[in-house]
Amino acid sequence: MSKNIPTRLAFAGPLKEGATIEARWSAAHPMDSGFRVDDSGNKIARNIIHTVKVLLNDRLILEADLGTAMTSPVYLAFPLQVPAGGGVLRVLWQDDRGQVGETVQRLIL
Amino acid sequence: MNTSSTQLHLQDPKRRHSLLMAAGAWLSSQATAKDTPLSALSAEGVELVFPRLADTGNAVPLQANIRAPQGAHLKSLRVILPENPNPLALQLKLHGDMQSYQLNTRLRLYASQSVWVVATFSNGLERANSAPTVITSTACLDDS
Amino acid sequence: MPSIRSSVQWFCTLWLLLPGLLFAQSGNAFLSPDLLQLQNDASRNPTQLWVEQGLEIWGTPDKKGACVDCHKSANQLQNQVTQFPKWSVEKQQLINLEDQILACAKRSGQDYKSLEHPQVLALSALLHQNATGKTFNLKPSPGHEAQWHAALNAGAQEFTQRIGRMNLACNHCHDQNIGKQMRADVISPGHPTGFPIFKMSWQGMGSIDRRLRACYSGVQAEIPAPGSPVLRQLELFLKVRAQGLPIDGPSLRR
């Protein structure tokens, strides 16, 4: 059952060719560490986003392995160089249940 | 798996590295691929911004500013929280050639501790730095 | 005809409102510098994830959504947000914004069931965001003044009622000890201007109903069920007590 996970991808910095900007990605995933218990005392199963892949104009620029120490919502901000003509940044994620998602943002110069 | 094949596997540096990566998560003094304790690595080029006093253990902001040595670029980053049940918080593999890199993230800390960031560069060099924080506790014991 | 008893009750309620007025500060004023910085940065503030989700659910004239057909723009409901909790003739008790969202959603075929359903909170976050800057405007609806006043008085009474193992009433901390420190927390007057909140300890969003229930837990008292009349009465009292303070929009809390 696919649960809708809201994500957002924003840029900070000048959208000019060659400039280094910061991409800020967050995802409202529960990021259950597997250590918490619910009201009845039952352990809540671990379910976190464990892999994130970032593609800039379809080229893989970053791969991240996330552990249970990452917060909910997950927040990751990383630099990238604005390519000539701008383009598209895609952040792909996958969680322990096999659910996948994608956040896309255009880099418009 | 008999002993001799285990030995063969461990002699392969790549395999040893990945086994250490897995075991490393359970050690409070993390080892690098060359079995050097993190504290022995130079901190040059690894600058951390981490609050001395954290509001809440649930979201502690970490900023890592990395500067690669001359002629090299950043290949990977590891963020380690030794006191957490799963110490390897984040592992990044970069596929570019950035010489300066700023990572920002938020971490969940189980207890007051120092966060470690290990940077591996394209020339094989590793650098590591740490920053301590104390988690302040709230008085409201609401268990919701 | 108002009895002497109800007049005395009303006077006492007014008296209880005084400290709240003297310490007319939003909870955001009590955020630590780090959290305040995060609160003020829309690109990093976790509440914005829910606001954006709310916009998605609401829909636009061009894109189908659950609310746009009846309500048009979410911006048009700014004043309505400031009027909750209201007396519901149907339920014969007060209802708050999340209750209303649940009722509306059910009418359009979406049974969310829980006040804390992520989509309910997303819509609440959107509506409160749009109402930022507006002040609470609690008034009895015509014909139901007596019920409204009774609810307000009940809320005031609850505010001063000692409860739990700790045997504390709300006013002990939130009136008598505002500004004092309890470990890392600074006690605020408890004005409800920042709901729905993203609480770091919850690692998620929650409504005022959830937060008030957590207060009961905080003093080790029996926790009222979600949607209990006492919680709505408290909410009414707290918002009347906070009259004049502007809504902050969905905010962060520790």
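Chain letters run A, B, ... following the sequence lines, proteins first and then strands; every chain starts at 1.
- One finds the NE2 atom of His95(B) at 8.5 Å from the NZ atom of Lys53(A) (value rounded to the nearest 0.5 Å).
- Among Leu66(A), Leu60(A), Leu56(A), the residue with the largest count of heavy-atom pairs under 4.5 Å with chain B is Leu60(A).
- Contact record, Ala59(B) with Thr71(A): CA-CG2, 3.7 Å, taken as the closest heavy-atom pair.
- In terms of non-hydrogen atom pairs under 4.5 Å with chain B, the most contact-rich of Pro73(A), Ala69(A), Ser72(A) is Ala69(A).
- Panel note: side chain Thr105(B), backbone Tyr75(A); a donor-acceptor pair is recorded below 3.5 Å.
- Using a 4.5 Å cut-off between heavy atoms, Arg59(A) touches chain B through its side chain atoms alone.
- To the nearest 0.5 Å, atom CG of residue Asn104(B) and atom CG of residue Leu76(A) are 9.0 Å apart.
- The number of heavy-atom neighbours closer than 6.0 Å to OH of Tyr110(B), taken from other residues, nucleotides and ligands shown, is 12 or below.
- Summarising the local packing, CD of Gln63(B) is surrounded by more than 12 heavy atoms from other residues, nucleotides or ligands at distances under 6.0 Å.
- The shortest side-chain heavy-atom distance between Asp65(A) and Leu92(B) does not fall under the 4.5 Å cut-off.
- Of the listed residues (Leu81(B), Leu107(B), Leu77(B), Asn58(B)), the one with the most heavy-atom contacts under 4.5 Å to chain A is Leu107(B).
- Under a 3.5 Å cut-off, the side chain of Arg106(B) and the backbone N or O of Val74(A) do not form any donor-acceptor pair.
- Contacts between Leu94(B) and chain A at a heavy-atom distance below 4.5 Å involve backbone atoms as well as side-chain atoms.
- Of the atoms belonging to Thr20(A), it is side-chain heavy atoms, and not backbone ones, that fall under 4.5 Å from chain B.
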### Query
What do the steps show when you test Leu62(A) against Lys93(B) for side-chain contact (heavy atoms from CB on, under 4.5 Å), and what is the final call?
CA-CA 6 Å; Leu62(A) 176 65; Lys93(B) 200 155 71 172; over 6 Å; no
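- Counted within 6.0 Å of CZ on Arg24(A), heavy atoms from surrounding residues, nucleotides or ligands total more than 12; the atom is thus considered enclosed.
- The shortest distance between side-chain heavy atoms of Asn86(B) and Phe35(A) falls below 4.5 Å.
- For the residue pair Arg108(B) and Thr68(A), the shortest heavy atom distance occurs at NH2-O, 3.0 Å.
- In this structure, the separation between CG on Asp97(B) and CD on Gln81(A) is 7.5 Å, given to the nearest 0.5 Å.
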